[in-house]
Amino acid sequence: MTGERRRVWNEETQRWEDTGASGDAAPPPPPLPPLPGHLPYVPETPTVPTVPAPPVPAAGGGRALWWKVVAAAVVLGLGAGYGVLKLMGEDDGDGHDRAPTAATAPPSEDGVPMDGDTGAGAPSSESASPSPSESAGTLPAGYHQVEDPAGYALAVPDGWERSERDTGVFYATKGDRNLLQIFVITEGDLTPYEAVRQSSKNLGSQQPGYEEVSLDRGAAPEGASPAVGEDTARLVYAYDSEKLGTRKQGVEYAFTAADGKKYALVAAGPLDDWAMTRESAETALAHWATGASLD
C-alpha cells in the first residue's frame with residue numbers, strides 16, 4: 001500500500017526504526033552534546049551572611065547614662081563609704097565600722113573583724129604599749145592618762161586593755177563589753193558632722209532596733225581639751241546587741257584636732273552602763289592631746 005509505514009531493524013543504530021513510504025529508515029536523532037570537563041561547585045551548606053544586631057536605643061534618652069551613674073555610685077560607695085565609716089564594731093570590737101584606711105576586712109556583727117570565737121576584733125601582734133603621761137593633770141578616780149603610740153594622748157579607765165585592730169585603737173574591758181575606740185578619719189573633704197551623720201545611716205541599716213538618740217554639730221563635751229578644737233559633732237545611738245543579749249548605747253565624737261587631723265572617738269557599753277560610757281568619752285576628750293600639745 002502506498003504511504004504504508006512499517007518498523008525495520010537498523011543494524012547500524014541497533015534499534016527498531018519506522019520507515020517511510022519508500023522503505024528508507026528515518027534518519028537517526030542527533031547525538032547528545034558532550035558532558036563538560038567538570039561540574040560547577042555547589043556548597044553543601046550555603047553561607048548566610050551575618051548581620052550585626054542594631055544598637056539598643058537608650059530608653060527615655062538616658063538608660064546608658066543611668067547605668068554609668070549607678071556603677072560610679074557603687075565604686076564611690078565601696079571606696080568612700082567603707083574607708084570613711086567603720087560602722088559598729090560594738091559587739092566584736094564595739095566601735096564603728098569606720099576604718100582609718102580603705103581596708104576591707106570582713107565585718108563582724110557590729111562591723112569590727114572577728115577574732116575566732118572571742119567576739120573581739122583581732123589585735124595586732126605588734127601592738128605597742130601606751131606610756132603614762134607625766135602631765136596628766138587632774139584625773140577622776142579610776143582613770144589614768146596615756147600617750148598612745150598612734151600619736152595622741154588621752155585618759156582611759158584603769159584596767160582597760162589596749163589593742164590595735166583594722167578599725168583603730170581600742171581600750172576595752174574583757175569581751176568589749178565596755179570600750180573606747182579611736183581612729184583617724186582619712187577622707188579630707190568629710191566634715192565631722194557628715195561623718196557622724198553617715199555613721200547613723202550605716203548603723204540604721206546594720207543593727208536591729210537601731211535608734212538615733214541625738215545628732216548635733218559643735219557638740220564637744222564641756223571641759224574638752226583645747227586640742228580637740230571647735231569643729232566637732234556628736235552622735236548618740238542605741239541598738240539591740242544580739243551578741244550580749246542586751247540593749248547597748250554609744251556615743252561618737254568626730255572632731256578636727258589642733259594638729260589638723262580629723263579623729264573619731266567612740267565609747268559604747270550596755271544601756272545600764274550609760275553614765276559610765278558617757279563619762280569615759282568625756283574624760284578621754286578632756287585630756288586629749290596631739291602634736292605639739294603632747295610636749
Side-chain angles (χ1 to χ4, degrees), residues 80 82-87 89 93-103 105 111-113 120-139 143-172 176 179-192 194-196 199 220-221 223-234 251-268 280-295:
Y82 196 94
V84 172
L85 300 179
K86 256 296 187 214
L87 274 189
D94 249 308
H96 287 301
D97 190 15
R98 177 181 302 136
T101 66
V112 173
S124 169
S125 59
E126 301 179 357
S127 177
S129 299
S131 302
S133 172
E134 297 180 357
S135 57
T138 304
L139 285 166
Y143 286 82
H144 63 283
Q145 185 158 338
V146 296
E147 289 188 9
D148 194 276
Y152 46 78
L154 74 164
V156 299
D158 295 341
W160 288 24
E161 295 186 1
R162 180 187 187 275
S163 63
E164 292 181 14
R165 312 174 192 176
D166 291 339
T167 51
V169 173
F170 286 76
Y171 290 88
D176 289 348
L179 64 83
L180 287 170
Q181 177 193 11
I182 310 97
F183 55 91
V184 176
I185 300 171
T186 57
E187 290 70 17
D189 58 346
L190 196 72
T191 68
E194 290 169 343
V196 295
S199 292
S225 165
V228 172
E230 298 183 0
D231 183 15
T232 62
R234 180 186 63 192
V251 57
E252 177 185 1
Y253 286 97
F255 55 95
T256 304
D259 63 357
K261 293 182 180 179
K262 294 185 178 71
Y263 293 89
L265 184 143
V266 177
S280 65
E282 293 176 353
T283 304
L285 294 179
H287 298 271
W288 179 268
T290 57
S293 60
L294 286 173
D295 300 332

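Heavy-atom basis, side chains included; hydrogens, waters and symmetry copies ignored.
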Evaluate L190 against K262 for side-chain contact (heavy atoms from CB on, under 4.5 Å), listing each step before the verdict. CA-CA 9 Å; L190 196 72; K262 294 185 178 71; 5.5 Å; no

Can you list the residues that meet the side chain to side chain donor-acceptor pair (under 3.5 Å) rule with D158, with sequence neighbours excluded? H144

Between the side chains of R234 and T232, does any donor sit under 3.5 Å from an acceptor? no

T290 and A258: which non-hydrogen atoms are nearest, and at how many Å? OG1-N, 4.5 Å

List in chain and number order the residues that pass side-chain contact (heavy atoms from CB on, under 4.5 Å) with A286, two or more places apart in sequence or in another chain; answer none if no residue qualifies. none

Partner residues of D231 under the side-chain contact (heavy atoms from CB on, under 4.5 Å) criterion, sequence neighbours left out: P192, T256

Output for pair (S280 OG, W160 CH2), nearest 0.5 Å, gives 4.5 Å

Classify the ring geometry between F255 and W288 as parallel (under 30°), tilted (30 to 60°) or perpendicular (over 60°). perpendicular

Does H287 reach the side chain of L139, with side-chain heavy atoms less than 4.5 Å apart? yes

Quick check: does any side chain N or O of E252 sit under 3.5 Å from a backbone N or O of S199, one acting as donor and the other as acceptor? no

Hey, could you give me the CZ/CG distance between F170 and D176, rounded to the nearest 0.5 Å? 7.0 Å

Start with the C-alpha distance between R162 and D148, add both sets of side-chain angles, then the distance that settles side-chain contact (heavy atoms from CB on, under 4.5 Å), and finish with yes or no. CA-CA 9 Å; R162 180 187 187 275; D148 194 276; 2.6 Å; yes

Can you find a heavy atom in the side chain of L180 that is under 4.5 Å from one in the side chain of P157? yes

Which heavy atom in A254 sits nearest to a heavy atom in V196, and how many Å separate them? CB-CG1, 3.8 Å

From CA spacing to verdict: side-chain contact (heavy atoms from CB on, under 4.5 Å), I182, Y171: CA-CA 9 Å; I182 310 97; Y171 290 88; 4.1 Å; yes

Under the side-chain contact (heavy atoms from CB on, under 4.5 Å) rule, collect the residues that match up with A281, sequence neighbours excluded. V251, Y253, L265, A267

